[in-house]
Protein chains: 2
Amino acid sequence: MPEPVSATRREELLAIAAGLFAEKGFKNTTVRDIADAAGILSGSLYHHFDSKESMVDEILQTFQTELFGQYEDIIAGDLDPLAKLERAVVVSFETIDKHRDEVAIFQNEAAYLLTFDRFSYLAERNRQSREVWLTLLQGGIDAGVLRDDLDLELTYRFIRDTVWVAVSWYRPGGRHTHTEIARQYLSILLEGIHHHA
Amino acid sequence: MPEPVSATRREELLAIAAGLFAEKGFKNTTVRDIADAAGILSGSLYHHFDSKESMVDEILQTFQTELFGQYEDIIAGDLDPLAKLERAVVVSFETIDKHRDEVAIFQNEAAYLLTFDRFSYLAERNRQSREVWLTLLQGGIDAGVLRDDLDLELTYRFIRDTVWVAVSWYRPGGRHTHTEIARQYLSILLEGIHHHA
DNA sequence: TACATTACCAAGCAATTGCTTGGTTGGGAT
DNA sequence: ATCCCAACCAAGCAATTGCTTGGTAATGTA
């Protein structure tokens, strides 16, 4: 197993931990599991990190900074409302493709991690995410390009859930690329599955 | 092996356990948590049940028997294809309303529980669920009432995910009834959010 | 040569876990 | 009056948990 020259040992260990946290859950992954996967003893992990919590913390912070930066760029950009919404969906699926473990951890463990003070920033991220989607949807409605007879909150949840839950089954190299999935999901979301003559 | 004792106390304890499993996860809920919530000592649970696994087993089996029975009724019924699909969505939201804890446990813990032999029937239920939705979708396509340009597998996942993930935020007595949520979700699914003149 | 740094090992501790064992209580049937 | 039995308690065991401690080996750098 050749290792990327650029990856420090620290980043390697974080990637291993992320894979296990995503697959088995945070609480259900022991420091011995992580150490075994890395080929070292559990105690040796504490040369690199303070605690198991610090590992998942670093994993989540890194990817969230990147993701929310992209959302901000979209909103601040000059695309038309519909294109902005489409772009946000595509970016989300790109993130699922590029940061599958991190997204899975955020999806599955956020509720549990929020019981610790040090992870209270996750609640802020959720609030931020809601604002992004509501802003994009309202923009489309104001421009007359989206239906105005739907409950905005329900529509937001519909989109959010549909996009992120795909991380539970999407695998790179599967029968659909993330681009193709985004395209079809957008088609259903915008046009519906009903046949229009 | 303790057998049915006072059916009511047994059901009480199962309901308490289900609430905790749904809220905190199976592995992350201790037998002491369950006992505390029931106002007894942890050892006393073993008068009613063999193990923690037996509890979650009984919880899942009971509700799945009911749910899949309803799906079978719909497919065997004489509604037209579109109405069958709509009915299946409505029944699913009714189930989320009526068996919130059980659905949440199935959604969140199935992957973990499947690592134990005794829960292999959960994989069979997943297969069964996929067949139900694919049958309903194919029926609509054959009847010319649903679009035939979408990937069937992706459409199935879209519907499945959208319906069941709602259990993560739906609360009875919230601002939307499960009937209202089903209605709006169906509207988006069938017609899309795009504004059609 | 002397020292520093990085990455790890070996051993184990305190807390928590699921579960076991033997015993107690109180209401209902005989 | 006696007995039964469902429901529980009190105590604790063995395994697993996150994490600590003190040390070692290899690779630098002065």
Side-chain angles (χ1 to χ4, degrees), chain A residues 1-60 105 109 112-119, chain B residues 1-60 105 108-109 112-113 115-119:
Chain A
M1 280 247 263
E3 299 158 4
V5 181
S6 61
T8 66
R9 185 57 168 153
R10 194 186 167 77
E11 283 162 358
E12 262 183 80
L13 294 174
L14 280 180
I16 289 169
L20 290 169
F21 292 156
E23 183 194 332
K24 313 174 41 169
F26 175 72
K27 184 93 189 261
N28 195 24
T29 298
T30 71
V31 293
R32 284 171 179 81
D33 289 336
I34 301 169
D36 284 353
I40 59 177
L41 291 187
S42 66
S44 305
L45 284 174
Y46 291 82
H47 170 70
H48 302 272
F49 308 97
D50 307 345
S51 66
K52 200 174 112 176
E53 280 182 27
S54 293
M55 295 189 213
V56 76
D57 198 346
E58 194 167 333
I59 289 165
L60 289 176
I105 295 168
E109 311 296 330
Y112 171 68
L113 294 175
L114 273 168
T115 63
F116 301 91
D117 282 345
R118 81 178 289 177
F119 292 103
Chain B
M1 256 200 229
E3 270 312 290
V5 167
S6 146
T8 52
R9 185 52 171 158
R10 208 185 153 76
E11 281 162 20
E12 255 183 88
L13 294 173
L14 280 180
I16 289 169
L20 290 168
F21 291 156
E23 183 195 332
K24 313 176 38 170
F26 175 72
K27 184 94 189 262
N28 196 23
T29 298
T30 71
V31 293
R32 283 173 180 80
D33 289 336
I34 301 169
D36 284 353
I40 59 178
L41 291 186
S42 67
S44 305
L45 283 175
Y46 292 82
H47 171 72
H48 301 273
F49 308 97
D50 305 343
S51 65
K52 199 174 112 176
E53 281 181 26
S54 293
M55 295 188 214
V56 77
D57 198 344
E58 193 166 333
I59 289 165
L60 289 176
I105 294 169
N108 300 328
E109 311 296 330
Y112 171 68
L113 295 175
T115 63
F116 301 92
D117 282 345
R118 82 178 290 176
F119 291 104

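We name chains A, B, ... by the order of the sequence lines, and we start the count at 1 in each one.
Contact of the B/Ile34 side chain with the B/Thr29 side chain is registered, since non-hydrogen atoms from C-beta on lie closer than 4.5 Å. Using a 4.5 Å heavy-atom cutoff, the side chains of A/Phe119 and A/Asp57 are in contact.
Per the geometry, NE2 belonging to A/His47 stands 19 Å off C1' belonging to D/dG18, to the nearest Å. To the nearest angstrom, C1' of C/dT20 lies 17 Å from NZ of B/Lys52. One interatomic measurement links the two molecules: CG of B/Leu45 to C1' of D/dC8, which rounds to 11 Å at whole-angstrom precision. The interatomic distance linking B/Asp50 (CG) with C/dT21 (P) rounds to 13 Å, in whole Å. Rounding to whole angstrom units, CG of residue A/Leu41 and P of C/dT6 are separated by 21 Å. Atom CD1 in A/Ile40 sits roughly 10 Å away from atom C1' in C/dC9 (whole-Å rounding). Rounded to an integer number of Å, the gap from NZ of A/Lys27 to C1' of D/dG18 is 11 Å. The CG-P distance, from B/Asp33 to C/dC19, rounds to 14 Å in whole Å.
Toward the 5' end of DNA chain C, the nearer of the two residues A/Arg32 and A/Gly39, judged by each one's closest nucleotide, is A/Gly39. Where B/Ala38 and B/Ser42 each meet DNA chain D at their nearest nucleotide, the meeting point lying more 5' is that of B/Ala38.
A donor and an acceptor atom, one from each side chain of B/Asp33 and B/Thr30, are located under 3.5 Å apart.
Under 3.5 Å, the side chain of A/Ser51 and the base of D/dC19 form no donor-acceptor pair of N or O atoms.
At least one side-chain nitrogen or oxygen of B/Tyr46 sits closer than 4.0 Å to the OP1 or OP2 atom of C/dC19. Remark: B/Arg9 is in phosphate contact with D/dC8, judged by side-chain N or O atoms under 4.0 Å from OP1 or OP2. Distances shown here put every side-chain N or O of B/His48 at or beyond 4.0 Å from the OP1 or OP2 atom of D/dA6. Distances shorter than 4.0 Å separate some side-chain N or O of B/Ser44 from OP1 or OP2 on D/dC9.
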Verdict with reasoning, A/Phe21 to A/Glu109, per side chain to side chain contact (heavy atoms under 4.5 Å, CB included):
CA-CA 9 Å; A/Phe21 292 156; A/Glu109 311 296 330; 5.9 Å; no

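Residue B/Thr30 has its side chain nearest to C/dT17 when only D/dC8, D/dG18, C/dT17 are considered.
Across all strands shown, A/Ser54 has no heavy atoms under 4.0 Å from either base or sugar-phosphate atoms.
Note that NZ of A/Lys27 is 11.5 Å distant from CG of A/Leu113, once rounded to the nearest 0.5 Å.
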